[in-house]
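Report on one structure; see the data block that follows.
Only a predicted model underlies this, so the values are computations on that prediction, with no experimental measurement involved.
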Amino acid sequence: MGAPGLGSLVLVALSLVSEAFAFLTLGLVRSWGERWPRWVPCLRGRQVPVLLGTGVAGLGALATSVFGALFVLTSLNADIEATTWGIWLLNIAYAPLLLWGPLLGAVTVHYYRRRTRSWSAPARLP
């Protein structure tokens, strides 16, 4: 991309950090999101605090929603030198980004409800 100086390393680091946060999203729906995994040195086996999980996920949902909206706003108002097919391809490739924030918010709410309430199974009808 022609980033000057350490700019290339910053881009790689940003990519790795975003992948790590995407991986942590799985913790909202997997068992290791409720208890620290064995490979975490000092915390293994302890419960993950509910507010830690929901706080980080909620901030991520908000940030991703804002980023998605700003990306759409910027791309609609940008003077991009590309073919019509190139612009369509860009829009198709980044369209799922618009859903990531709201879906992460929904999963965060479900995680919070699951961890704070004791859900009883509904009674079965005869």
* Is Leu70 linked to Leu62 within one hydrophobic cluster, defined over Ile, Leu, Val, Met, Phe, Trp and Tyr using a side-chain heavy-atom separation of less than 4.5 Å? -> yes

* **Hydrophobic cluster membership, Trp100 vs Val107, 4.5 Å side-chain cutoff** =>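 Yes; Val107 is reachable from Trp100 via cluster members.
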
* Start with the C-alpha gap between Leu104 and Thr25, add the side-chain angles, then the distance that decides, and say whether side chain to side chain contact (heavy atoms under 4.5 Å, CB included) holds. => CA-CA 8 Å; Leu104 179 57; Thr25 301; 3.7 Å; yes

* Residue pairs passing the ring pair (Phe, Tyr, Trp, His ring centres under 6.0 Å) test where at least one lies in residues 6-46, sequence neighbours excluded ->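 Checked against ring pair (Phe, Tyr, Trp, His ring centres under 6.0 Å) - neighbours excluded - the pairs reaching residues 6-46 are Phe23-Trp32.
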
* For residues 51-81, pull every pair meeting ring pair (Phe, Tyr, Trp, His ring centres under 6.0 Å), keeping only residues two or more places apart or in separate chains. =>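 Residue pairs passing ring pair (Phe, Tyr, Trp, His ring centres under 6.0 Å), neighbours aside: Phe71-Tyr94.
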
* Asked: Does the pair Val12 and Leu16 meet the rule for a side chain to side chain contact (heavy atoms under 4.5 Å, CB included), with working shown?
  -> CA-CA 6 Å; Val12 171; Leu16 292 174; 4.2 Å; yes

* Structure fact -> Heavy atoms of Thr108 and Ala57 approach each other most closely as OG1-CB, 3.2 Å

* Shortest non-hydrogen contact between Gly105 and Ala61, atoms and distance ->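 Heavy atoms of Gly105 and Ala61 come nearest at N-CB, 3.6 Å.
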
* To do: Run through Leu52, Leu59, Thr54 and flag the one making a side-chain contact (heavy atoms from CB on, under 4.5 Å) with Val56.
  => Leu52

* **Side chain Tyr111, main chain Gly33, donor-acceptor under 3.5 Å** => yes

What pairs of donor and acceptor atoms, side-chain ones from residues 41-51 against any protein atom, are under 3.5 angstrom apart with sequence neighbours left out?
unit_1	atom_1	unit_2	atom_2	d
Arg44	NE	Arg38	O	3.2
Arg44	NE	Pro41	O	3.3

